[in-house]
There are 2 protein chains.
Amino acid sequence: MPKRRATISDVARLAGVSIATVSRVVNGTAPVAEDTVQRVREAIATLGYTPHAAARKLAGRETGTLGVLLPEVAAEFFFPLVRGIAEEVRNAGYDLLIHVASSGQESSLSTPLGEHNTDGLLIFTGRLSDEEITRLYDAGFPMVLLYRSPPDDLPIPYVMFENKKGARALIAHVISVHHCRRIAFLRGPEGNEDSEWRERGYREALENHGIPFDEDLVGMGGFDADIARETVEHWLQQGLDFDAIFAGDDEAAMGVMAALRHAGKKVPDEVAVLGFDDINSAKLMAPPLTTVRAPIQAAAAGAAQALLAQLKGEEPPRQLRYPTQVIIRQSCGCD
Amino acid sequence: MPKRRATISDVARLAGVSIATVSRVVNGTAPVAEDTVQRVREAIATLGYTPHAAARKLAGRETGTLGVLLPEVAAEFFFPLVRGIAEEVRNAGYDLLIHVASSGQESSLSTPLGEHNTDGLLIFTGRLSDEEITRLYDAGFPMVLLYRSPPDDLPIPYVMFENKKGARALIAHVISVHHCRRIAFLRGPEGNEDSEWRERGYREALENHGIPFDEDLVGMGGFDADIARETVEHWLQQGLDFDAIFAGDDEAAMGVMAALRHAGKKVPDEVAVLGFDDINSAKLMAPPLTTVRAPIQAAAAGAAQALLAQLKGEEPPRQLRYPTQVIIRQSCGCD
DNA sequence: ACGCTTTCTGAAAGCGTTTACATCATACCA
DNA sequence: TGGTATGATGTAAACGCTTTCAGAAAGCGT
C-alpha cells in the first residue's frame with residue numbers, strides 16, 4: 001500500500017511556484033532566482049520528492065540509460081565485462097541497465113530495454129537473433145555487438161579479441177617448446193564466434209608445424225567447466241591419446257584439470273592444459289593455468305565508448321579488435 | 001538518426017480504429033471483434049510498432065518490472081543468485097532489471113530503479129544505506145533484502161542462510177575428525193552479516209571443543225581470492241602456526257589454496273582448507289573443497305517469491321532462513 | 001523617462017499510453 | 001415486443017514531466 005508519491009506539482013504548490021520552475025531547479029536547465037531555488041529545494045526535501053523516471057522519459061527525448069543484454073549463462077569473465085562497461089557509461093552520465101536472459105526465452109527484446117526505453121544497447125553474443133538486430137538497425141537504434149559480428153555485414157560496431165592470433169601463438173608454444181603433438185581442442189558453445197576463431201588459430205598452428213588435424217581430438221567444452229570435464233572423462237575412458245588439451249576458455253580448463261586430476265593424470269607432466277581469457281582464477285589453479293589474456297574489461301569499456309560515440313552522433317569505429325597475449329604459467333609445462 | 005517510431009496512434013489510423021482499441025488488442029484487456037484484431041495486428045506488423053514502455057508506466061499504475069540492486073564486486077555465486085531470481089520473476093510475468101553499482105558511488109538509488117520505476121526491489125547487502133532503505137520502507141515500497149537484516153528492525157522481509165549452524169558444523173568436523181586445533185578464520189568484507197554469523201559459528205565450535213579463541217588466527221579474507229591469498233601469504237611469512245583455515249567463503253578458499261601451494265604447504269596434509277557456499281568451482285579445486293552448501297539459487301528464488309507476494313498484497317514472511325549443509329570433500333583431509 | 005536587454009517565472013502544449021465512461025448494436029428473456 | 005444484459009468500439013481524461021512561448025520585472029545607457 002504505497003502512499004501516493006509526491007509529484008512535481010506537490011512540490012510546486014508547497015514552494016509556491018509553478019511546476020516549470022521546479023523542473024528547472026531540478027534539472028538546472030535555466031536560471032532561477034537564488035531564494036526560489038532555496039524554497040524549491042526545501043519543498044523537495046520535506047516532501048521526499050523523487051522525479052518519476054517514466055514521465056521524464058516520456059516528456060524528454062532521451063532516456064539517459066543504456067542497456068546491456070546478456071545471455072543466461074554467464075561465466076566469471078562476466079564481471080570485468082560489466083565493470084568495464086559500467087565505468088564508461090557512468091562517467092558519461094548515463095545509467096546502466098542489465099538484462100539477463102532467463103532460460104527458454106531467447107533472442108527477444110523484452111519490454112524494459114531497447115528502443116524507447118534505452119538510448120542504446122550493448123548486445124552480447126547470442127542474445128538477439130539476426131532478425132531482431134537487423135530490425136533495430138533499420139530503426140536506427142544505436143547498438144554495439146559484443147563478441148559477435150553483425151548479421152548481413154551491417155555496419156554495426158562490434159568488439160572482438162584477436163582470438164585466432166592468440167590461440168595460434170598458444171598452441172605454437174606447446175608444440176615448439178613442449179613438443180606436444182596430440183593436442184585436443186574443446187569447442188565453445190554452438191555458433192560462438194570466439195570459439196570459431198580460436199579453433200582456426202589452433203588449426204593454423206598445427207598446420208604450421210606439420211601436424212595433421214584430427215577430428216577425434218576435438219570435443220565439446222561449451223566454455224563450461226562441467227561440460228568440459230565430462231568430455232575429457234569420456235575421452236579418458238575410451239583411452240584417447242593426447243598430450244595437451246586446449247580447453248577453449250579458462251572455465252573449461254578448470255573442468256579439464258579436474259577430470260585429469262581425478263584420473264590420476266599429472267598436469268603438466270602427462271598432459272598440458274591450456275585456457276583462454278585469463279580470468280581471475282586462472283592464476284589460482286593447480287597448477288596455474290597457461291592461457292591467453294583477453295583484455296575483457298578494456299574491450300567492454302571500448303564497446304561502451306563506441307556506443308556513447310554513436311549517441312553523440314559521431315561515427316564509431318566499425319570494428320574494435322583487441323589484442324591478446326599468451327600468458328605462460330605452469331600448466332603447459334613451463335617453469 | 002532514428003526515424004520517429006510508430007506510436008499507437010499510427011497503428012490506430014492505419015487500422016482504422018481508435019487508439020483504445022489498439023491498446024485493447026495489444027493488452028487483451030477487453031473483447032475485440034476478430035476481424036478488428038486482425039486489422040490491428042497487421043497494422044502493428046507493417047509499422048513495426050513497439051509500445052513505449054515509459055508511456056505505459058506513466059499511464060498504468062504498475063511498471064511490470066522488478067529491480068535487483070547488486071554491489072560492484074560480484075563473485076561467482078552471483079549467477080545462481082540471478083538465475084534463481086530471474087526465473088521466479090519471469091514466471092510471474094515481470095521483467096527483471098539488474099543494476100550493478102559502479103565503484104565510488106555507493107548506497108544511492110539511481111534514476112532507473114526503485115520507486116516509480118520498478119514495482120519492487122531486491123536489495124543485496126551493502127547496496128543501499130540504512131537511511132535509504134528506511135525511506136523506501138516508509139514510502140511503502142515493496143522490497144526484499146538479500147543477506148542482510150533490515151535496519152531498525154523494520155519488518156522488511158529478508159533472506160539469509162543458516163550461516164552459524166553451517167560454520168559450526170564445519171569447524172566441528174575438522175576438530176573432531178581431523179583433530180585440528182589451530183584453525184584460522186578469514187573474515188568477509190567489513191560489516192557483512194554472513195561473515196559475522198559464520199564467525200559466530202566458528203567461535204561456538206571452538207568453544208564447544210574447549211579451544212580458546214585466538215584473535216591472531218583471524219584475518220581479512222574479504223570473500224575474495226586475492227585478498228585471502230595475501231593474508232595467508234603474510235601469515236606464512238611471519239610463521240604463524242595453523243593446521244586449518246576456514247576461508248569464510250569459497251572464493252577466498254581458492255586464494256588460500258593458491259597461497260599454501262605456492263609456499264609448498266600440502267593441503268590437506270599440513271593444512272586443511274574450508275570454504276563456504278559450495279560454488280561451482282569448489283568441487284573442481286585441487287583438492288576438491290570441503291565447504292558448506294548454501295542453496296543460493298533457492299534462496300534467491302525465495303526472495304523473489306517474497307517480493308512477488310508483497311506485490312499481490314499478501315503478507316510475506318518476515319524472514320527466510322535457508323538451511324545449509326556441510327559438504328565433505330578432500331580439502332579437510334577426508335577420503 | 002524611454003527603449004532594450006537580461007533574468008526570472010508561469011501557462012500550456014505535448015510525450016504515448018491506459019482506462020473509465022459513454023454509445024450503439026445485437027441478442028436474449030419473459 | 002419491450003427491457004435488459006452483453007459485445008464492440010470510440011472519446012477523453014489522466015499519468016508526471018519537459019519545454020516552448022510569452023510576459024513581468026529589473027538593469028542600464030541615453
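For clarity, every value in this text was computed on a predicted model and none was experimentally measured. So you know, we letter chains A, B, ... as the sequences are listed, proteins then strands, and number each from 1.
Heavy-atom distances to DNA chain D give each of A/Tyr49 and B/Gly16 a nearest nucleotide, and the one nearer the 5′ end belongs to B/Gly16.
In this structure, NZ of B/Lys57 is placed 14 Å from C1' of D/dG16, rounded to the nearest angstrom. To the nearest angstrom, P of D/dT19 lies 11 Å from CZ of A/Arg24. Summarising the geometry, the separation between CD1 on A/Ile19 and P on D/dT18 is reported as 9 Å, rounded to the nearest angstrom. Computed from coordinates, the A/Arg13 CZ to D/dC17 P distance equals 12 Å when rounded to whole Å. Whole-Å rounding puts the A/Asp10 CG to D/dG16 P distance at 9 Å. Whole-Å rounding puts the B/Ile8 CD1 to D/dA14 C1' distance at 15 Å. Computed from coordinates, the B/Asn27 CG to C/dT18 P distance equals 4 Å when rounded to whole Å. The distance from atom NE2 of B/His52 to atom P of C/dT18 is 12 Å, rounded to the nearest whole Å.
Shown here for B/Ser9 and B/Ile19, the closest heavy-atom pair between the two residues is CA-CG2, 3.7 Å. Looking at every heavy atom in both residues, A/Tyr322 comes nearest to A/Ala298 through OH-O, 3.5 Å. Closest non-hydrogen pair, B/Ala303 versus B/Val159, comes out as CB-CG1, 3.7 Å. Between A/Ala304 and A/Val89, the shortest heavy-atom contact is CB-CG2, 4.1 Å.
A sub-4.0 Å separation between OP1 or OP2 of C/dT9 and a side-chain N or O of A/Thr21 is absent. Checking the phosphate oxygens (OP1, OP2) of D/dT11, no side-chain nitrogen or oxygen of B/Ser18 falls inside 4.0 Å.
Within a 6.0 Å radius of CD in A/Glu314, more than 12 heavy atoms belonging to other residues, nucleotides or ligands are found.
To the nearest 0.5 Å, atoms CD1 (A/Ile156) and CD1 (A/Ile123) are separated by 7.5 Å. Here the CG atom belonging to A/Leu307 is positioned 11.0 Å from the CD atom belonging to A/Glu88, to the nearest 0.5 angstrom.
Secondary structure note: stems in DNA chain D built from 3 or more consecutive Watson-Crick or G-U wobble pairs under 3.5 Å occupy C:1-30 with D:1-30.
Distances were taken from every side-chain heavy atom of A/Ala59 (C-beta onward) to each of D/dC17, C/dT17, D/dG10; the shortest belongs to D/dC17.
Evaluation of the side chain to side chain donor-acceptor pair (under 3.5 Å) test over residues 148-157 of chain A, restricted to residues two or more places apart or in two chains, returns A/Asp130-A/Arg148, A/Ser149-A/Glu193.
Contacts between residues 29-36 of chain B and DNA chain D, defined by a heavy-atom separation under 4.0 Å, are made by B/Pro31, B/Val32, B/Ala33, B/Thr36.
Using bins of under 30°, 30° to 60° and over 60° for the plane-to-plane angle, the ring pair B/Tyr147/B/Phe124 lands in the perpendicular bin.
Heavy atoms of A/Val22 sit nowhere under 4.0 angstrom from any nucleic acid atom.
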